[in-house]
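No hydrogens, no waters, no symmetry mates; every other heavy atom, side chains included, goes into these values.
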Amino acid sequence: QVQMVESGGDSVQAGGSLRLSCTTSGGAFDRTAMAWFRQAPGKEREAVSCISYGGAPTYYEDSVKGRFTISRDNAKSTLYLQMSSLKPDDTAMYFCAARTSGSCGGSWYFASGYSTWGQGTQVTVSS
């Protein structure tokens with residue numbers, strides 16, 4: 001059974017940085033595309049970024065382009081999200097998700113394309 005555990009969430013000031021990690025076990029991490037989603041209170045879950053099984057290509061939601069970087073270490077079965085220039089609008093619970101294929105594809109931003117989810121890690125950005 002695949003398990004995924006996120007960590008690294010914290011409370012930071014606007015302009016700060018955080019690095020989220022998602023450690024996985026029990027699955028074929030090195031053959032699976034992975035993504036980060038986030039959900040703010042009262043809002044729907046939205047896709048943030050996706051990375052294909054080999055590390056490229058990567059995809060980003062428009063509001064995080066140039067500020068967030070997704071990466072992975074297949075040897076450690078771990079997914080990362082480096083976040084910089086954080087804004088209050090980035091405040092949300094962040095979830096990692098395992099895609100049902102090795103590539104992100106054109107529909108990577110739909111949550112229905114992901115089979116396994118972590119429990120989330122909270123990021124709070126204050127102004």
Side-chain angles (χ1 to χ4, degrees):
Q1 184 176 357
V2 178
Q3 291 188 327
M4 303 195 300
V5 179
E6 301 95 333
S7 62
D10 204 347
S11 296
V12 297
Q13 297 253 325
S17 299
L18 283 174
R19 188 195 198 200
L20 306 183
S21 298
C22 173
T23 303
T24 76
S25 62
F29 181 84
D30 59 350
R31 297 192 295 276
T32 303
M34 299 291 296
W36 288 97
F37 282 72
R38 65 186 179 185
Q39 187 167 19
K43 295 187 177 180
E44 293 188 356
R45 189 170 298 192
E46 67 171 355
V48 174
S49 183
C50 186
I51 185 168
S52 298
Y53 74 98
T58 57
Y59 302 83
Y60 296 92
E61 190 267 331
D62 284 347
S63 70
V64 307
K65 285 180 180 177
R67 300 188 299 120
F68 290 11
T69 302
I70 192 170
S71 63
R72 63 191 297 159
D73 185 335
N74 285 348
K76 296 181 178 180
S77 296
T78 301
L79 175 72
Y80 303 100
L81 185 68
Q82 179 67 47
M83 306 187 294
S84 60
S85 302
L86 283 161
K87 305 175 181 180
D89 283 348
D90 295 318
T91 295
M93 185 72 78
Y94 283 71
F95 302 88
C96 62
R99 193 144 174 82
T100 55
S101 69
S103 61
C104 295
S107 60
W108 68 271
Y109 41 85
F110 289 116
S112 59
Y114 298 84
S115 57
T116 308
W117 297 77
Q119 85 292 344
T121 186
Q122 178 68 38
V123 173
T124 303
V125 184
S126 58
S127 58

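- The NZ atom of Lys87 lies 13.5 Å from the OG atom of Ser127; values are rounded to the nearest 0.5 Å.
- Closest approach of Gln122 to Thr91, counting heavy atoms only: NE2-CG2, 4.1 Å.
- Summarising the geometry, atom CG belonging to Leu79 is positioned 10.0 Å from atom CG belonging to Asn74; distances are rounded to the nearest 0.5 Å.
- Cluster membership check: Val2 shares its hydrophobic cluster with Met34, using side-chain heavy-atom separations under 4.5 Å among Ile, Leu, Val, Met, Phe, Trp and Tyr.
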I'd like to know whether Phe37 forms a ring pair (Phe, Tyr, Trp, His ring centres under 6.0 Å) with Tyr114, so could you lay out the CA-CA distance, the side-chain angles of the two residues, the decisive distance to 0.1 Å, and finally the verdict. CA-CA 11 Å; Phe37 282 72; Tyr114 298 84; 5.1 Å; yes

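- Under a hydrophobic clustering in which Ile, Leu, Val, Met, Phe, Trp and Tyr are joined whenever their side-chain heavy atoms come within less than 4.5 Å, directly or via other members, Phe110 and Tyr59 fall into the same cluster.
- Within the 3.5 Å criterion, the main-chain N or O of Ile70 finds a donor-acceptor partner in the side chain of Tyr60.
- Tyr80 and Phe68 sit in two unconnected hydrophobic clusters of ILVMFWY residues. Membership requires side-chain heavy atoms under 4.5 Å apart, directly or through other members.
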Which donor-acceptor pairs under 3.5 Å do side chains of residues 10-24 form with protein atoms, sequence neighbours excluded?
| from | atom 1 | to | atom 2 | distance (Å) |
| --- | --- | --- | --- | --- |
| Thr24 | OG1 | Ser77 | O | 3.0 |

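- Minimum interatomic distance between Asp90 and Arg67 (heavy atoms only, all atoms of both residues): OD2-NH1, 2.7 Å.
- The side-chain heavy atoms of Val64 and Arg38, taken from C-beta on, include a pair separated by under 4.5 Å.
- Proximity of Phe29 to Lys76: side-chain heavy atoms (C-beta onward) are nowhere separated by under 4.5 Å.
- Salt-bridge formation is not detected for the pair Asp30/Arg72: no Lys NZ or Arg NE/NH1/NH2 atom is positioned less than 4.0 Å from an Asp or Glu carboxylate oxygen.
- For Thr121 (side chain) and Glu6 (main-chain N/O), no donor-acceptor pair under 3.5 Å exists by modelled atom type.
- Between Lys65 and Asp62 there is a salt bridge, with a side-chain nitrogen of the basic residue lying less than 4.0 Å from a carboxylate oxygen of the acidic one.
- Between Ala92 and Ala40 the shortest heavy-atom distance is CB-N, 3.8 Å.
- The two residues Ser49 and Leu81 make their nearest non-hydrogen contact at CB-CD1, 4.5 Å.
- Sparse packing is recorded around OH of Tyr53, with 12 or fewer heavy atoms of other residues, nucleotides or ligands lying under 6.0 Å away.
- Two residues are said to be in side-chain contact when any heavy atoms from C-beta on lie closer than 4.5 Å; Arg45 and Met93 fail this criterion.
- Legend: residues meeting ring pair (Phe, Tyr, Trp, His ring centres under 6.0 Å) with Phe95, ordered by chain and number and at least two apart, are absent.
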When the side chains of residues 96-103 are checked against the rest of the protein, which donor-acceptor pairs come out under 3.5 Å, sequence neighbours left out?
| from | atom 1 | to | atom 2 | distance (Å) |
| --- | --- | --- | --- | --- |
| Arg99 | NE | Ser103 | O | 3.3 |
| Arg99 | NE | Cys104 | O | 2.7 |
| Arg99 | NH1 | Gly113 | O | 3.4 |
| Arg99 | NH2 | Cys104 | O | 3.0 |
| Arg99 | NH2 | Ser107 | OG | 3.4 |
| Thr100 | OG1 | Gly113 | O | 3.4 |
| Ser101 | OG | Ser103 | O | 3.0 |

As a quick check of understanding, evaluate side chain to side chain contact (heavy atoms under 4.5 Å, CB included) for Tyr94 and Met83, giving each step before the final call. CA-CA 12 Å; Tyr94 283 71; Met83 306 187 294; 3.9 Å; yes

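- With hydrogens and angles ignored, the 3.5 Å screen pairs no side-chain donor or acceptor of Trp108 with any backbone N or O of Thr58.
- Nearest heavy atom pair, residue Ala33 against residue Cys50, reads CB-SG, 4.5 Å.
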